[in-house]
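Basis for what follows: all heavy atoms, side chains included, without hydrogens, waters or symmetry-related copies.
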Amino acid sequence: MEEVMKVFFDGEVFRPISRINLIPNRQYVLQIKQNEKYFENAIDILDKLAGTVEAPEDWALNHDHYLYRENL
């Protein structure tokens with residue numbers, strides 16, 4: 001039997017994030033794999049997104065113009 005589940009480790013106990021389908025009062029072997037996405041910081045996320053948005057060349061310089069102009 002093989003079951004994949006996401007858990008959160010609070011420093012003492014593994015807590016399931018979603019419902020698990022295991023029989024209570026049985027021993028299981030856990031294989032641990034760290035979820036790298038959970039540990040990304042804001043700088044890493046922004047770095048990945050940089051340059052991925054389609055926008056005019058002067059968007060940063062004239063952001064008020066693009067933000068507050070009326071939609072036609």
**Q** Under a single-linkage definition using a 4.5 Å side-chain heavy-atom cutoff for Ile, Leu, Val, Met, Phe, Trp and Tyr, are Val7 and Val13 assigned to the same hydrophobic cluster?
**A** no
**Q** Among all residues two or more places apart in sequence or in another chain, which pass the salt bridge (Lys or Arg N to Asp or Glu O under 4.0 Å) test with Asp10?
**A** Arg15
**Q** With side chains defined as the heavy atoms from C-beta onward, is the minimum distance between His65 and Asp58 less than 4.5 Å?
**A** no
**Q** List for me each residue that meets ring-ring contact (aromatic ring centres under 6.0 Å, His included) alongside Phe9, sequence neighbours excluded, and say none if there are none.
**A** Phe14
**Q** Got a donor-acceptor contact below 3.5 angstrom from the Tyr28 side chain to the Ile23 backbone?
**A** yes
**Q** Nearest 0.5 angstrom please: Met5 CE to Ser18 OG, how far?
**A** 8.0 Å
**Q** Going by side-chain contact (heavy atoms from CB on, under 4.5 Å), name the residues that satisfy it together with Val4, two or more places apart in sequence or in a different chain.
**A** none
